[in-house]
Colleague: 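Okay, handing you the structure first.
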Amino acid sequence: MLQIAEIRENKEAFAKALQKRNIDALPLLESAIAVDENRRNLQAQLDETLSKSNKLSKEIGDLFQSGNVAEANELKAQTTDLKESSKQLSDQLSAVVEELQTILYAIPNIPQDSVPAGSSDEDNEVVFQYGDLPILHEGAKPHWELVKDYDIIDFELGNKITGAGFPVYKNKGARLQRALINYFLDKNTAAGYEEMQVPLLVNEASGYGTGQLPDKEGQMYHVGIDDLYLIPTAEVPITNLYRGSLLEIKDFPIAMTGYTPCFRREAGSYGSDVRGLNRLHQFDKVEILRIEHPDQSDAALDAMVVHVKGILEELELPYRILRLCGGDLGFTSTLTYDFEVYSAAQEKWLEVSSVSNFKTFQANRLKLRYRTGDKGTELAHTLNGSSLALPRILASILENFQVHNALHIPKVLIPYCGFDAID
RNA sequence: GGAGAAGUGGCAGAGUGGUCGAAUGCACUGGUCUUGAAAACCAGCGAGGGUUACACCUCCAGGGGUUCGAAUCCCUUCUUCUCCGCCA
């Protein structure tokens, strides 16, 4: 959520920057400003009425104390009108506050200058590419066939006990999953991210805090009887650990990592895009998050990108980094780098990480602030990224490391797996 | 799940209808003293809205109510603690 004070000051510049998202936000921004004007007006009127009635109440108290009951009762009569109008004003005010809230929730974050214009993922800018694309042997197979051949992931069993998009990992497949999780967590904690294990269900307030609500409730599984949501990403519970916090400058930077399963309803289309491990309703992910001083968040984003690069290189996977264009940029982000690994049998790039700087957008909803040197408070910046999402990493490992009668394991994972091949 | 108790500033902890945005202690910040530090002493010290700045308004777990007036009384939700039940 943008801050109304900033909208007031930067209306034109914001509208211009939001054009990169292919929206004309000017009417929204202007109505936010108008509604806020109204809000402040009502607030001032309400404050004045309350002030009057506070004064009267004090006088009444004094009169009672000094035994002057008749005069006190006279004053009492005067409060009726004040009560009535303060009731009205405060009703109007809450309606206007809600109206403003609704408008602000509808405005996406301001893209940074470096974000390219564009309307879809085709306009994303490839800013870096690493590794040679593997040349596979004759008869190489996509991962959904490999997992069947080697009996390491069973989609049918998942269908039986839950439904489509909930695979069952078996044998060395399960072990490889656990290896990846441990490896990722080790890399992240070694880089200074504090490991957290958090609830997989969150309440409504947390959903609002990170921006999944009110917009995207359809993407989350909702446990109606308890009014809780299954997390779509660890970003939600981990960022919300700091909801409502007032930090000191010395607390920065805050860096956290956590492994969680992620649950996504997103129905999506059927076909090769969602085959096998490409898109699931439940998948595992290790996330990294940072809470930063505003001066440091750009550098922090770069550092996160470098960190993820290091992991992919150790895994010996060819990858590329995209700077998302305005049309593809997430609602809450100012700048996002997507990492894609090459899945050699599918001959496709698969997104495995998305690293974003949200600046104050989430912090404003979260009321996540820090004390500035001079007695004031400011919103902190939040960032996060995957480090990494498992299924597509697994898919490319299986495909890229296949030989005619075995699936090799990247060297760095062998100590974690306890085997060097699936055969 | 059942019975009871409780939720106040960063922490501890007073406050049961007006003089309370809230005593006191600790912590913290500035100053005096000191070669420096500690101790002692003095002063300051929650957040949000609003204002050029004041004024002013709001907040004592959340929401609602009673009252001229609520941290204080009532209802409700949540959370914590104790006892019982169940349980990995």
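In the text below, chain A, chain B and the rest are named by the order of the sequence lines, each starting its count at 1. For clarity, every value in this text was computed on a predicted model and none was experimentally measured.
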Colleague: Please give the nucleotide sitting opposite B:U82 as a Watson-Crick or G-U wobble pair, both distances under 3.5 Å, or none.
Modeller: B:A3
Colleague: Using Watson-Crick or G-U wobble geometry with both distances under 3.5 Å, which nucleotide pairs with B:U19?
Modeller: none
Colleague: Assess whether a salt bridge exists between A:Glu287 and A:Lys285, defined as any Lys/Arg side-chain N lying under 4.0 Å from an Asp/Glu carboxylate O.
Modeller: yes
Colleague: Looking at A:Lys83, does any N or O in its side chain come under 4.0 Å of the phosphate oxygens OP1/OP2 on B:G69?
Modeller: yes
Colleague: Could you identify the nucleotide paired to B:A14, looking across every strand shown and requiring Watson-Crick or G-U wobble geometry with both distances under 3.5 Å?
Modeller: none
Colleague: Report which part of the nucleic acid A:Leu50 touches: base, sugar-phosphate, or nothing (heavy-atom distance under 4.0 Å, all strands).
Modeller: sugar-phosphate
Colleague: Checking contacts here: which listed nucleotide (B:C57, B:G18, B:G50) is nearest the side-chain heavy atoms of A:Arg8?
Modeller: B:G50
Colleague: Please write out each protein N/O paired with an N/O of nucleotides 47-49 of chain B under 3.5 Å, distance rounded to 0.1 Å.
Modeller:
residue	atom	partner	partner atom	Å
B:A47	OP1	A:Arg371	NH1	2.9
B:A47	O3'	A:Arg369	NH1	2.8
B:G48	OP1	A:Arg369	NH1	2.7
B:G48	OP1	A:Thr377	OG1	2.5
B:G49	O3'	A:Arg39	NH2	2.7
B:G49	N2	A:Asp47	OD2	3.0

Colleague: Given that both distances must come in under 3.5 Å, which nucleotide forms a Watson-Crick or G-U wobble pair with B:A71?
Modeller: none
Colleague: For A:Pro415, enumerate each residue passing the side-chain contact (heavy atoms from CB on, under 4.5 Å) test, keeping only those at least two apart in sequence or located in another chain.
Modeller: none
Colleague: Would you say A:Asn54 places a side-chain N or O within less than 4.0 Å of OP1 or OP2 belonging to B:C68?
Modeller: no
Colleague: In plain terms, say whether A:Arg323 and A:Asp328 are close enough for a salt bridge, that is, a side-chain N and a carboxylate O under 4.0 Å apart.
Modeller: no
Colleague: What orientation do A:His293 and A:Tyr370 show, parallel under 30°, tilted 30 to 60°, or perpendicular over 60°?
Modeller: tilted
Colleague: Do A:Gln296 and A:His381 have side-chain heavy atoms sitting under 4.5 Å apart?
Modeller: no
Colleague: Check this for me, if you would: do A:Lys87 and A:Asp91 make a salt bridge, where the nitrogen-to-carboxylate-oxygen distance has to be below 4.0 angstrom?
Modeller: yes
Colleague: Take atom CG of A:Leu42 and atom C1' of B:C57, then tell me their distance rounded to the nearest Å.
Modeller: 14 Å
Colleague: Given that both distances must come in under 3.5 Å, which nucleotide forms a Watson-Crick or G-U wobble pair with B:G9?
Modeller: none
Colleague: Here's a test of your reading of the structure: between A:Thr79 and A:Asp62, which maps to the more 5' nucleotide of RNA chain B?
Modeller: A:Asp62
